[in-house]
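Reckoned from all heavy atoms, side chains included, excluding hydrogens, waters and symmetry mates.
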Amino acid sequence: MFWHDGFSLAGWWGMGFGTVLFWGLVALFVVLVVRATSGSARAGPPRIPEDQARRILDERFARGEISEEEYLHRREVLRG
């Protein structure tokens, strides 16, 4: 089917694809700007408090998951 205004069916498909591509790029730009300006994107993983980390270490040692040597080494690392 052809229209007499200069566009064939392929031209209409091209305009439709171009419009979708344009709005997709606009949406991507908005998402990237929001991520770059929000502080939560760069916060990283939540930190475990030292006492909770020590409790987890104690539990792992009690269950026999780690040796005494590894336990003592990690405990010293937690103390700083």
| task | For Glu70, enumerate each residue passing the salt bridge (Lys or Arg N to Asp or Glu O under 4.0 Å) test, keeping only those at least two apart in sequence or located in another chain. | result |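 If we apply the salt bridge (Lys or Arg N to Asp or Glu O under 4.0 Å) test to Glu70, skipping adjacent residues, the hits are Arg74.
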
| field | Partners meeting salt bridge (Lys or Arg N to Asp or Glu O under 4.0 Å) with Glu76 (sequence neighbours left out) | value |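 Here the qualifying residues are Arg79.
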
| task | Indicate, with yes or no, if Leu72 and Phe61 share a hydrophobic cluster defined by side-chain heavy-atom contacts under 4.5 Å among Ile, Leu, Val, Met, Phe, Trp and Tyr. | result |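 Yes, Phe61 connects to Leu72 through the hydrophobic network.
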
| Ile56 reachable from Ile66 in the ILVMFWY side-chain graph, under 4.5 Å edges |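 Different clusters: Ile66 never reaches Ile56 through Ile, Leu, Val, Met, Phe, Trp or Tyr contacts under 4.5 Å.
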
| said: Side chains of Val33 and Phe29, heavy atoms from C-beta outward: is any pair under 4.5 Å? | reply: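 Side-chain contact under 4.5 Å: yes.
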
| task | Using a strict 4.0 Å threshold on nitrogen-to-oxygen distance, state whether Arg55 and Asp51 make a salt bridge. | result |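 Between Asp51 and Arg55 there is no salt bridge, as every charged N stays at least 4.0 Å from the carboxylate O atoms.
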
| task | Could you grab the distance from atom CZ of Phe17 to atom OG1 of Thr19, nearest 0.5 Å is fine? | result |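 Taking CZ in Phe17 and OG1 in Thr19, the distance rounds to 10.5 Å.
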
| message | Please check if the number of heavy atoms outside Glu69 that lie under 6.0 Å from its CD is greater than 12. | response |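 No, CD of Glu69 has 12 or fewer neighbouring heavy atoms, counting only those of other groups under 6.0 Å.
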
